[in-house]
Amino acid sequence: MASGSNSLMWFRKGLRLHDNPSLEYAAKGSKFLYPFFVIDPHYMEPDPTAFSRGLDSLPEGVEHRKLCFEYDTEPYYQALDEKVKSYASVAGVEIFSPVSHTLYNPADIIQKFGCLSSRYFYQCIQEIQKSVKKHTSPPVSLLGQLLWREFFYTVAFGTPNFDQMKGNRICKQIPWKNDDELLAAWTDSRTGFPWIDAIMMQLRKWGWMHHLARHSVACFLTRWDLFVHWKKGRDVFDRLLIDSDWAINNGNWLWLSCSSFFYQYNRIYSSISFGKKYDPAGNYIRHFLPVLKHMPKEYIYEPWTAPVSVQRKARCTIGVDYPKPVVSHDSASKECRLRLGEAYALNKTLNGLQNRGTHLNMSAVYAAFRLTVYEDFSSLL
DNA sequence: CCTTGGTTGGGCTG
DNA sequence: CAGCCCAACCAAGG
C-alpha cells in the first residue's frame, strides 16, 4: 500500500493495542488512520435481526484505501461481513480482517469488549508455569480453559445452527418443556433452592459467577429439575453475563443439558450437596440472599426442612419470606431422567438419518488449539 | 477412555 | 468420637 493512503480501523470487540494484527496492518504505510467504534444495538440487546448502524456509520469525506477489523465467527458478524464485502467492492476498498483472538476477561478488566488477547494470555500462563514447581494441567487448568475456548470456537463455526436444537446435527432432540413460570422463577432467584437462587442473584448483581456455579444452575434448569429448554437459559446468560461469548455460551449449554459433547445425565450437580461440599456454612448463600442470613447452617441448603420454630427464630418463614421449592425435587428429577432416557432412545434411531452425536476428547481439543498458532507469538512478552 | 458428581464406608488423625 | 481424606462403586453414551 502506497504511503499517503488512509485507513479505517473498525473496532468491534477487540478494543486493545497489543496483539491486534488488523490495527497493525491499518497503521502500516498509512498517512491517516481513522479508528472508529459503532454503538450497535446488538451489544445491548443480542438479537440477530436487530438493526445495525455498523455500515451506515463509516466515516465519510475522506478517501479510504483500507478497512481493517477483526474477523468474527459469530453468525451476527458473519452476516454483517457479507454486507461489508459488497460495500468494499463498490467503494474499491481493501478489506483486512484476520481471525479474532479476543478474550473476555471480567476478572481484571470489567467490560465486555475483549481488551485481552488470548494469545498474549497464553504466553503469560506459559511464563508463570516456568517459574513454579507444581501446577494443574489441562483440561481443568487455566490453560485448559483456553483450550476450551478454541474447541468451542472451532465446533461452533463448523456446525450449522449451533445455537439451535432443531437443524443442529450434533444436538440431541429433546422435548423440553415450554414453561415460562419455571423459567422466570429460575431467572429471578425464586426457585426456593438457595444454592440456585444465590447463583442467579450473583448473575443479576455482578454479571459474573464461577463456572461451576454456572454449571449448577444450567443443570438445574434443564436436565435435572425443571426440564426447561437450554436455549432459554442460554438467552438469560447471554443477556446478563459481562463475559458472554456466543460460541462458548452455546457450547456450554449444549454440554450441561446433555444435548451434545457430554451425555451422562445421571451425573448431576446437586442443588444441595454440591454447594455444601465447598461452603458448608452457606456463607455464599447468606451473602446473596440476605433473607436467609440467620438460617442455621443445618438448614441453609434446604430451608423448607427447617422446623417452623427455627424459621421463626431465623426471621425467615418459608413460603412467606423465601419461596417454597418450585418443584418437588425427587419426583421432578425422576421425571427428567425418564424423559431423557426416552429422548436418547429415540435419538438413537435418528442417528445416521439426521442427528450425529459428537463425542469429545482432549485430542480434539488440542487439535483445535493448534489451529490458533499461539506458539508463534512468543515475541509478545 | 472421558473438564470439574454422589454416596458410602474404611482408615487415619486430633 | 468427630472430622477429614480417599478409594470404590454407581450408572452411563459415545
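Throughout, a chain's letter reflects where its sequence line sits, starting with A, and its residues are numbered from 1.
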Taking the six-membered ring of A:F37, is NZ or CZ of A:R12 closer than 6.0 Å to its centre and within 45° of its axis?
no
Is any side-chain N or O of [X] closer than 4.0 Å to OP1 or OP2 of [N]?
X      : N     : answer
A:K277 : B:dG5 : no
A:S270 : B:dG5 : no
A:S273 : B:dT7 : yes

Using atom [atom1] of [X] as one end and atom [atom2] of [N] as the other, report the distance to the nearest whole Å.
X      : N      : atom1 : atom2 : answer
A:K276 : C:dG3  : NZ    : P     : 14 Å
A:L256 : B:dG5  : CG    : P     : 11 Å
A:W255 : C:dG13 : CH2   : P     : 17 Å
A:Q264 : B:dT3  : CD    : P     : 10 Å
A:R223 : C:dA12 : CZ    : P     : 14 Å
A:D225 : B:dG5  : CG    : C1'   : 15 Å
A:D330 : B:dG6  : CG    : P     : 15 Å
A:Y344 : C:dA12 : OH    : C1'   : 10 Å

Watson-Crick/G-U partner (both atom distances under 3.5 Å) of B:dT4
none
Taking a pair to mean Watson-Crick or G-U wobble geometry with both distances below 3.5 Å, C:dA11 pairs with none
Spacing of the [atom1] atoms in [M] and [N] (rounded, Å):
N      : M      : atom1 : value
B:dC1  : C:dA8  : P     : 14 Å
B:dC2  : C:dA11 : C1'   : 15 Å
C:dG13 : B:dT7  : C1'   : 22 Å

Consider the side chain of [X], meaning its heavy atoms from C-beta on, and name the nucleotide among [options] that approaches it most closely.
X      : options              : result
A:L212 : B:dT7, B:dT4, C:dA12 : B:dT4
A:N266 : B:dT3, C:dA12, B:dG5 : C:dA12
A:K172 : B:dT4, B:dG6, C:dG13 : C:dG13

Given A:W253, A:F261, A:F162, A:W246, the one that forms ring-ring contact (aromatic ring centres under 6.0 Å, His included) with A:F152:
A:F261
Given the side-chain rings of A:F220 and A:F193, with only the six-membered ring counted for Trp, is the space between their centroids under 6.0 Å?
yes
Is the gap between the ring centers of A:W148 and A:Y153 under 6.0 Å?
no
With heavy atoms under 4.0 Å as the rule, sort A:Y265 into base, sugar-phosphate or nothing.
nothing
Closest approach of A:S117 to A:L103 (non-hydrogen atoms, all atoms of both residues)
C-CB, 4.5 Å
All heavy atoms of A:L15 vs all of A:C115, minimum pair found to be O-SG, 3.4 Å
Would A:F262 count as stacking on B:dC2 if stacking means ring centres less than 5.5 angstrom apart and planes tilted under 30 degrees?
no
